[in-house]
Amino acid sequence: MSFGIKPLGDRVVIKKLEAEEKTQSGIILTGQAKEQPEMAEVVAVGPGTEEEKMELAAGDMVFYSKYAGTEVKYDGEEYTILSQKDVLAKVDK
């Protein structure tokens with residue numbers, strides 16, 4: 001899938017999942033109270049390097065390090081570009 005951002009080397013582009021709007025008990029959360037999830041969908045992957053084989057593909061759901069990557073805005077959407085080693089786990093569907 002090509003959408004305009006092509007990561008280089010072992011980098012991946014992810015789109016974070018939306019934070020929950022309310023708690024399980026029904027309390028509506030304001031912007032700052034929402035806990036940002038560390039789960040995202042991979043939208044693009046680089047080719048990998050000789051040292052780091054690419055193990056992810058577009059469409060994978062992953063958990064990633066909380067403070068990893070660089071946030072970018074492209075076509076009105078927010079994405080994060082990070083190294084594959086900052087991805088902690090892939091979620092089986």
Q: For a side-chain hydrogen bond (donor to acceptor under 3.5 Å, both in side chains) with Lys15, tell me which candidate from Glu78, Glu77, Glu41 qualifies.
A: Glu77
Q: Using the side chain to side chain donor-acceptor pair (under 3.5 Å) rule, take Glu55 and Gln84 through it: C-alpha gap first, then chi angles, then the decisive distance, then the call.
A: CA-CA 8 Å; Glu55 298 179 45; Gln84 178 177 243; 4.7 Å; no
**Q.** 4.5 Å side-chain heavy-atom contact, Val13 and Thr80
**A.** no
Q: Would you indicate whether the side-chain heavy atoms of Leu88 and Tyr64 approach each other to under 4.5 Å?
A: no
Q. Checking side-chain contact (heavy atoms from CB on, under 4.5 Å) against Leu82, which of Asp10, Val12, Thr70 comes through?
A. Val12
Q.
Please find the pair of heavy atoms, one from Lys16 and one from Ala40, that lie closest to each other, and give the distance.
A. CA-CB, 3.8 Å
Q: Rounded to the nearest 0.5 Å, what's the gap from NZ on Lys6 to CZ on Arg11? Could you check?
A: 14.0 Å
Q.
Give me the atom names and distance for the closest heavy-atom approach of Tyr74 to Tyr79.
A. O-CE1, 3.8 Å
Q: For residues Val62 and Val91, determine if any side-chain heavy atom of one lies less than 4.5 Å from a side-chain heavy atom of the other.
A: no
Q: Output the distance between atom CG (Asp60) and atom NZ (Lys90), rounded to the nearest 0.5 Å.
A: 4.0 Å
(Q) We want to know whether Asp86 and Ser65 form a side-chain donor-acceptor pair, criterion being a heavy-atom distance below 3.5 angstrom. (A) no
Q.
Just verifying a value: how many Å separate Ile14 CD1 and Glu71 CD, rounded to the nearest 0.5 Å?
A. 9.0 Å
Q) Any idea which heavy atoms bring Ala58 and Ala44 closest together, and the distance? A) CB-N, 4.5 Å
